[in-house]
Amino acid sequence: MLTIKESLEKVITEALIEVCGIKDAKGQVIYASRPEFGDYQANGVMAVARQLRQNPRDLAAQVVDKLAGNTLVTRAEVAGPGFINIFLNTEMLAGRANACLADHTALIIPSSHPQTIVVDYSSPNLAKEMHVGHLRGTIIGDSIVRILEALGHCVIRQNHVGDWGTQFGMLIAHMNSLSNDEKALSSNLADLEGFYRAAKQRFDAEPEFADLARSYVVKLQQGDADCLAAWQRFIDESLRHCEEVYALLSIGLKRSDLRAESFYNKELPNIVKALSEKGLLSESEGAQCVFLDEFKGKDGNPLPVIIQKRDGGYLYASTDLAAIRYRSDNLGADRVLYVVDARQSLHFQQVFAVARAADFVRQSCKLEHIAYGTMMGEDGKPFKTRSGDTVKLRELLDEAVARARDLVAEKNPDLSDTEKALIASTVGIASVKYSDLSKNRTSDYVFDWSSMLSFEGNTAPYLLYAYARIQSVLRRLEEESVTPGEHVYLVQPEERALAVKILQFAELVQQLGDDCFPNQLCLYLYELSGLFMKFYESCPILKSDSETRKSRLALANLTAITLKKGLNLLGIEPLQRM
RNA sequence: GCACCCGUAGCUCAGCUGGAUAGAGUACCUGACUACGAAUCAGGUGGUCGCAUGUUCGAAUCAUGCCGGGUGCACCA
């Protein structure tokens, strides 16, 4: 099964090749830039005409002739310097819409080459509480996972949490000093942020404490039972906190998706050994390093990837190399996506390059850093609150729900309290997620409460409102015992435009599977909702005659189904009413 | 010093592999609720796409240089 766009691309490319004789000619089919130019346009003729030194309009006319009789297209015309404007066959559109109503799964066309894809995302540091900076990686990763699964790929989630390293020595030391008072310890741990701060303060202020902390790091890495028990206790507490946040955000990460840094600990000596055997390892200033020609540091000096520190300890590059090998060999990944802050792009370039050089990944396995931008404060500098702290993710979400609660109470005072609470939590959380997902992930973005918590315009409530409106209409007709039919006729321009947009959902999801930009999905859903609103304003459903009503109802229903699927791919659950 | 990212309307941002007259939201101004739900809709004001060269039939998009901002660059993750 091909999308409309793919079908057009195929037909036009074939026609173009036939006409011009150039084997690698491309139709270059895109959405028409303006409504009067049709539904799609093909731009490929002009490039070919230049090569052949022919008149592009003549060439385009020959391609247009070849389209005669094609069932997808009603009309194709040459325009401007050599564009081909394509007007889709309205009956074909209605037919496809009806097919989607009969079988909802037809809205998404699965990939023709299903792959095993490992997605590394969220990966918080367990030493501290999750703050707003963790939002992006977590929800972008979650959305990508949902999209890839919808396309029929086998997706393996990997939550590469930071549960290992020097700071845990400090935390265990602090824990042990409190452990004779079990109650105090529990309540202290409940506030992870405070706990970390207290431990850090002592680490900086008390030399004996710092020495103790360092000794615990060594003991931990050597597998000392007492240390491990304390460490496990802390990790469990910290994970519980993460899971609370995941539950609030509907993030589908489970304990079984956990592959923490500690998981790779026993593998690290083998990594060193393997690199050494490949002849990639060299000693520099006491550390075991890999030097690759393509990386230069300050003053143009060769830049190492440090595998093992002078004191024998390992760094995160070593762990990442072990993880790459595990993902390629044990998990059988065809593709590994690292949804990680853009600031780590050099790190991943290096790790990927070393992994390739050392044959830690199969040739066919693709490694991609799905980078996202840094969160900035309103002053354009990396984000901090006035007091210099981070905003806890939990606080942001609670605030969003509280604001949504006020709004529901104002808009819909008659609803029951339980219903208000459900709406408030859905709208509040969805708004926060949407405001982040709707921005291009590669650019830095400014954190500000008001835009995160806004409920008007291009926001989650707009999409949820469109969905709730449709459900409202469907409910009314249910009372009249009229079942929504599957008889879409596209008469009004608003009906047609809506149907075209719905059928383009498959094209969009396909593209998302390749480039992983969820903001494109947000934009699509916003436009879909906008087209529905226009349809809703100008094409009455309940008041029209029976046939028209059936058709419009079916179209509205199909819009709702598409919206629901799309929202689901963003990790947002729609509401029956709001 | 080197590398990567960014500079589009007052503000927040779209703009997919170069395509026709650069788009949304917000803010501001006008209109539309005895309602298929106004968390909405219709319309208006608002832009030398950082600057300059170049490639091209065509550049916000590609190349080079400059200006401005961010990030990273040896034992933290």
Side-chain angles (χ1 to χ4, degrees), chain A residues 26 28 30-34 37 41 43 46-47 49-50 56 79-83 85 123 125 127 162 164-167 261 284-289 295-301 303-311 313-317 319-320 341-347 349-350 371 373-374 376 380-382 404 407-408 410-412 427 435 438-440 442-446 448 450-451 454-462 464-466 468-470 472-473 476-477 508 511 515 517 519-520 522-523 526-527 530 533-534 536-538 540-544 549 552-553 556 577-578:
Chain A
K26 289 257 162 41
Q28 289 190 39
I30 60 168
Y31 299 144
S33 54
R34 304 164 64 76
F37 296 154
Q41 64 182 61
N43 299 340
M46 289 171 285
R50 183 174 53 212
F83 298 105
N85 291 343
S123 309
N125 184 342
W164 211 238
T166 43
Q167 51 202 331
E261 288 178 342
S284 171
E285 297 176 31
Q288 295 298 316
C289 305
F295 300 106
K296 297 252 191 294
K298 290 176 191 170
D299 310 323
N301 294 330
L303 185 66
V305 178
I306 300 177
I307 305 297
Q308 195 171 19
K309 292 192 285 184
R310 198 176 344 192
D311 65 7
Y314 300 99
L315 293 158
Y316 72 145
T319 311
D320 276 336
D341 192 308
R343 283 175 288 190
Q344 296 198 31
S345 62
L346 177 62
H347 165 71
Q349 278 180 45
Q350 291 185 311
T374 309
M376 311 299 248
K381 300 245 160 64
L407 190 66
V408 186
E410 177 197 322
K411 298 273 182 196
N412 248 330
V427 168
S435 79
S438 62
K439 292 175 174 67
N440 185 319
T442 57
S443 37
D444 294 344
Y445 75 119
V446 175
D448 103 275
S450 62
S451 84
S454 155
F455 300 132
E456 277 173 16
N458 184 7
T459 62
Y462 185 86
L464 295 173
Y465 184 69
R469 266 186 154 178
I470 297 172
S472 173
V473 176
R476 280 169 174 272
L477 280 176
L508 178 86
Q511 181 204 318
D515 60 23
F517 281 97
N519 65 306
Q520 296 287 348
C522 294
L523 179 69
Y526 179 66
E527 286 172 353
M533 296 292 191
K534 284 183 175 60
Y536 183 87
E537 297 286 334
S538 57
I541 299 170
L542 301 181
K543 286 171 197 154
S544 48
R549 184 166 61 191
R552 289 180 179 171
L553 197 61
R577 50 185 110 221
M578 63 187 279

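Numbered from 1 within each chain, the chains take letters A, B, ... in sequence-line order. Just so we're clear, the structure is a prediction, and the values are computed from it rather than from any experiment.
Aromatic stacking is marked for A:Tyr536 over B:C36, as both cut-offs hold: 5.5 Å for the centres and 30° for the planes. Aromatic stacking is marked for A:Phe37 over B:A20, as both cut-offs hold: 5.5 Å for the centres and 30° for the planes.
When distances are taken from the side chain of A:Arg50 to each of B:G72, B:A24, B:G58, the shortest belongs to B:G58. When the nucleotides B:C73, B:G19, B:G25 are ranked by their closest atom to the side chain of A:Asn458, B:G25 comes out on top. Closest to the A:Gln41 side chain, of the nucleotides B:A39, B:G19, B:A77, is B:G19. Distance from the side chain of A:Met533 is smallest to B:U40 among B:C73, B:A39, B:U40. Closest to the side chain of A:Asn412, from the set B:A14, B:C41, B:G37, is B:G37. Of the listed nucleotides (B:A74, B:A14, B:A38), B:A14 has the atom at the smallest distance from the side chain of A:Asn519. The nucleotide whose nearest atom lies closest to any side-chain atom of A:Lys439 is, among B:C57, B:A39, B:A14, B:A14. Side-chain proximity of A:Pro81 to the nucleotides B:U40, B:G19, B:G37 is greatest for B:G19. You'll find that the side chain of A:Leu407 is closest to B:A39, out of B:C16, B:A39, B:G19. When each of B:G37, B:G70, B:A77 is scored by its nearest atom to the side-chain atoms of A:Glu261, the top-ranked nucleotide is B:A77.
One interatomic measurement links the two molecules: OH of A:Tyr462 to C1' of B:A39, which rounds to 11 Å at whole-angstrom precision. Per the geometry, CG belonging to A:Asn440 stands 20 Å off P belonging to B:G70, to the nearest Å. Atom CG of A:Asp341 and atom C1' of B:G72 are 11 Å apart (whole Å). Put simply, CG on A:Leu464 is 12 Å from P on B:U40, counting in whole angstrom units. In this entry the distance linking CG of A:Asp515 with C1' of B:U17 reads 11 Å, nearest Å. With rounding to whole Å, A:Ile541 atom CD1 is found 17 Å from B:A35 atom P.
Note that CZ of A:Phe83 is 10.5 Å distant from CD of A:Gln28, once rounded to the nearest 0.5 Å. With rounding to the nearest 0.5 angstrom, the CG atom of A:Leu508 is 9.5 Å from the CD atom of A:Glu527. The line from CD of A:Gln520 to OG of A:Ser438 is 11.5 Å long, rounded to the nearest 0.5 Å.
The backbone N or O of A:Tyr316 sits nowhere less than 3.5 Å from a side-chain atom of A:Glu261 that would complete a donor-acceptor pair. At least one donor-acceptor pair under 3.5 Å links the side chain of A:Asn412 to the backbone N or O of A:Met578. At least one donor-acceptor pair under 3.5 Å links the side chain of A:Arg552 to the backbone N or O of A:Pro540.
With a 4.5 Å cut-off on side-chain heavy atoms, A:Cys289 and A:Ser284 count as touching.
Glycosidic conformation of B:C13 is anti; the angle lies outside 90° of 0.
In terms of polar N and O atoms assigned as donor or acceptor, the side chain of A:Arg34 comes within less than 3.5 Å of the base of B:U21 in a complementary pairing. Below the 3.5 angstrom threshold, one finds no donor paired with an acceptor across the side chain of A:Thr459 and the base of B:A39. In this model, no side-chain donor or acceptor of A:Tyr465 finds a partner on the base of B:A39 within 3.5 Å. Counting distance only, with no hydrogens placed and no angle test, the side-chain atoms of A:Asn85 and the base atoms of B:A20 include a donor-acceptor pair under 3.5 Å.
Across all strands shown, A:Lys543 has heavy atoms under 4.0 Å from sugar-phosphate atoms exclusively, and none from any base.
Applying the side-chain contact (heavy atoms from CB on, under 4.5 Å) criterion to A:Arg50, with sequence neighbours excluded, gives no partner residue.
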Pairs counted as Watson-Crick or G-U wobble with both distances under 3.5 Å: what dot-bracket string results for RNA chain B, using | for bases tied to another strand? (((((((..((((.....[...)))).(((((.......))))).....(((((..]....))))))))))))....
